[in-house]
Visitor: 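For reference, the structure I am asking about is given below.
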Amino acid sequence: MFNSSQFTPKYFLLTGLPGLETLNPWFVFPFCTLYLVTLVGKKNTSLHQPMYLFLAMLAFAELAVSASTLPTVLGIFLFGANEICFEACLLQMFSIRSFSILESGVLLAMSVDRFVAIYNPQRYTAILTVPHIAGSAAVLGLESVMLMFPLPFLLKHLPFCGHNVLSHSYCLHSDLIQLPCGNTRPNSILGLCIVTSTLGLDSLLIVISYMLILYTVLGISSGEGRRKALGTCVSRIRAVLVYYVPTISAAPALRRFLANVYLLVPPVLNPIIYSAKTKQIRQGLIRLFLQRK
């Protein structure tokens with residue numbers, strides 16, 4: 001395992017929520033309950049308009065991100081099991097970042113979807129057809145995998161030295177890149193380019209899309225039309241805020257807490273947001289629960 005001061009780690013030690021160790025198990029039960037409700041609500045397959053196909057893509061990306069982190073998070077919170085082997089850590093890092101890139105891309109596609117629906121409602125269904133949406137999903141999925149593919153292999157061949165303790169309850173590239181004692185510049189540059197070209201660019205384009213939507217809405221002469229058009233965007237904007245706001249934090253302890261919130265809360269909150277704001281989804285969930293009774 002060790003070669004002089006350099007070694008290839010067999011495992012890493014993950015960190016829970018410092019100072020809240022005795023409360024860790026209590027964080028699990030609310031999340032598990034809400035996830036069960038979420039999974040039940042997402043089983044409704046009667047919604048096939050473009051907007052709902054994008055919602056299904058977002059649901060898949062969010063649940064995939066959470067599924068990538070839940071094994072280690074639950075292991076720490078429930079059983080105090082904070083070890084993860086090197087290969088599993090690299091796989092978790094790859095999965096989390098890949099599905100996060102996919103989620104960000106879907107949020108951008110959803111903002112474009114709303115712009116087309118408001119700017120040119122007569123041709124909305126002709127422009128955003130199922131084949132076009134399927135092609136967009138394939139491109140986003142391929143992009144998320146190909147961009148992240150080199151990072152685990154670059155980390156795999158770096159020499160490590162010092163400690164093997166990570167600062168989160170799951171493996172992140174920003175954590176892992178601080179541990180090697182070799183040349184990490186290629187990893188850092190590639191990681192920065194990935195974040196800038198995906199999450200950074202997506203967030204900028206999302207802001208531009210909603211500015212164009214606002215400009216278009218203000219041009220609608222009917223007050224009722226303006227209210228209805230803005231109402232269709234409220235849930236989308238909330239979903240974007242739920243995704244991006246938890247990533248902004250300065251204090252290390254708060255950053256660790258929000259890192260768990262960032263990966264665990266959106267899959268729980270977004271279905272609630274859309275169910276409350278979208279009439280068709282709300283009616284579908286009511287019918288689903290009435291059938292179960």
Side-chain angles (χ1 to χ4, degrees), residues 1 7-18 24 27-28 31-32 35 38-39 58-106 140-160 162-180 184 186-188 190-195 198-199 243 246-247 252 255-268:
M1 179 174 176
F7 66 96
T8 299
K10 290 184 177 179
Y11 61 87
F12 291 103
L13 298 177
L14 302 171
T15 305
L17 298 176
N24 278 345
F27 285 96
V28 175
F31 278 113
C32 288
Y35 272 108
T38 299
L39 290 173
L58 180 64
F60 168 78
E62 289 174 337
L63 289 177
V65 171
S66 294
S68 302
T69 60
L70 278 178
T72 53
V73 172
L74 292 180
I76 292 174
F77 286 0
L78 287 178
F79 309 109
N82 63 339
E83 292 185 1
I84 181 172
C85 69
F86 187 30
E87 289 75 14
C89 189
L90 293 179
L91 178 61
Q92 186 181 55
M93 177 204 73
F94 172 81
S95 301
I96 291 173
R97 183 50 64 193
S98 295
F99 287 120
S100 295
I101 292 172
L102 176 61
E103 184 178 1
S104 178
V106 172
L140 290 174
L142 183 63
E143 175 199 34
S144 63
V145 172
M146 295 303 295
L147 285 175
M148 282 299 299
F149 190 75
L151 285 182
F153 295 98
L154 291 174
L155 278 170
K156 176 74 173 177
H157 294 92
L158 285 174
F160 286 73
H163 64 85
N164 60 342
V165 180
L166 302 177
S167 61
H168 294 83
S169 53
Y170 44 82
C171 297
L172 290 176
H173 182 259
S174 57
D175 265 359
L176 290 170
I177 200 63
Q178 298 178 21
L179 301 182
T184 61
N187 300 67
S188 300
L190 180 58
L192 179 62
C193 290
I194 291 173
V195 171
T198 55
L199 305 183
Y243 178 80
T247 63
R255 187 164 57 245
R256 282 193 292 270
F257 175 76
L258 290 181
N260 288 283
V261 171
Y262 164 71
L263 292 179
L264 297 176
V265 169
V268 173

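Hydrogens, waters and symmetry mates play no part in the numbers below; they use all other heavy atoms, side chains included.
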Visitor: Given 3.5 Å as the limit, does a donor-acceptor pair link the side chain of Thr72 with the main chain of Thr69, or not?
Guide: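 Yes; at least one donor-acceptor contact below 3.5 Å.
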Visitor: Quick one: pull up CD1 in Ile177 and CG in Leu158 and give me the separation to the nearest 0.5 Å.
Guide: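 CG of Leu158 is found 6.0 Å from CD1 of Ile177.
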Visitor: Please give me the minimum heavy-atom distance between Gly191 and His173, naming the atom from each residue.
Guide: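 Minimum heavy-atom contact is CA-CE1, 4.4 Å.
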Visitor: Mind listing the closest non-hydrogen atom pair of Phe99 and Val65 along with its distance?
Guide: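 The answer is CB-CG2, 3.3 Å.
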Visitor: Given the rule in the side-chain contact (heavy atoms from CB on, under 4.5 Å) test, do Phe60 and Val106 qualify, once you have shown the distances and angles that lead to the verdict?
Guide: CA-CA 10 Å; Phe60 168 78; Val106 172; over 6 Å; no
Visitor: To the nearest 0.5 angstrom, please state how far the CG atom of Asp175 sits from the OG1 atom of Thr15.
Guide: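 Taking CG in Asp175 and OG1 in Thr15, the distance rounds to 8.0 Å.
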Visitor: Report, one line per pair, each donor and acceptor closer than 3.5 Å where one atom sits in a side chain of residues 140-147; sequence neighbours left out.
Guide:
residue, atom, partner, partner atom, Å
Ser144, OG, Leu140, O, 3.4
Ser144, OG, Gly141, O, 2.7

Visitor: Work out which heavy atom in Asn187 is nearest to a heavy atom in Leu154; give both atom names and the distance.
Guide: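 Minimum heavy-atom contact is ND2-CB, 3.2 Å.
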Visitor: Working to the nearest 0.5 angstrom, can you tell me the gap between Asn164 CG and Leu13 CG?
Guide: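 Here the interatomic distance stands at 5.0 Å.
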Visitor: Going by the salt bridge (Lys or Arg N to Asp or Glu O under 4.0 Å) test, which pairs reach into residues 70-91, not counting sequence neighbours?
Guide: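 Qualifying pairs: Glu87-Lys156.
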Visitor: For Ile76 versus Ala81, what's the shortest heavy-atom pair and its separation?
Guide: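 For Ile76 and Ala81, the tightest heavy-atom pair comes out as CG1-O, 3.5 Å.
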Visitor: Measure the OG1-CZ distance between Thr198 and Arg97 for me, rounded to the nearest 0.5 Å.
Guide: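 CZ of Arg97 is found 7.0 Å from OG1 of Thr198.
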Visitor: Scan for salt bridge (Lys or Arg N to Asp or Glu O under 4.0 Å) pairs involving residues 66-79, sequence neighbours excluded, and state none if there are none.
Guide: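 Sorted result for residues 66-79: empty, none.
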Visitor: Determine, step by step, whether Ser95 and Leu91 satisfy the side-chain contact (heavy atoms from CB on, under 4.5 Å) criterion, reporting the C-alpha distance in whole Å, the side-chain angles of both residues, the deciding distance to 0.1 Å, and the verdict.
Guide: CA-CA 6 Å; Ser95 301; Leu91 178 61; 4.1 Å; yes
Visitor: Check Tyr170 against Val73 and note the closest heavy-atom contact, atom names and distance.
Guide: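 Closest approach of Tyr170 to Val73, heavy atoms only: CD2-CG2, 4.0 Å.
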Visitor: Return the set of residues passing side chain to side chain contact (heavy atoms under 4.5 Å, CB included) with Ser174 (not counting sequence neighbours), or none when no residue passes.
Guide: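 Ser174 satisfies side chain to side chain contact (heavy atoms under 4.5 Å, CB included) with Leu172 only.
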Visitor: Under 3.5 Å, is there a donor-acceptor pair between the side chain of Glu103 and the main chain of Ala61?
Guide: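 Between the backbone of Ala61 and the side chain of Glu103 there is no qualifying donor-acceptor contact (under 3.5 Å).
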Visitor: When you measure from the side chain of Ser104 to the backbone of Ser100, do you find a donor-acceptor pair of N or O atoms at a distance under 3.5 Å?
Guide: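 Not at all, since once roles are kept as given, no pair shorter than 3.5 Å links the two residues.
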Visitor: Not counting sequence neighbours, which residues clear side chain to side chain contact (heavy atoms under 4.5 Å, CB included) with Ala88? List them please.
Guide: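 Checked Ala88 against side chain to side chain contact (heavy atoms under 4.5 Å, CB included); matches are Ile84, Cys85.
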Visitor: Mind listing the closest non-hydrogen atom pair of Ser68 and Ile96 along with its distance?
Guide: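 Taking Ser68 first and Ile96 second, the nearest heavy atoms are CB-CG1, 3.9 Å.
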Visitor: List in chain and number order the residues that pass side chain to side chain contact (heavy atoms under 4.5 Å, CB included) with Pro152, two or more places apart in sequence or in another chain; answer none if no residue qualifies.
Guide: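 Partners of Pro152 by the side chain to side chain contact (heavy atoms under 4.5 Å, CB included) criterion, ordered by chain and then number, come out as Leu90, Met93, Phe94.
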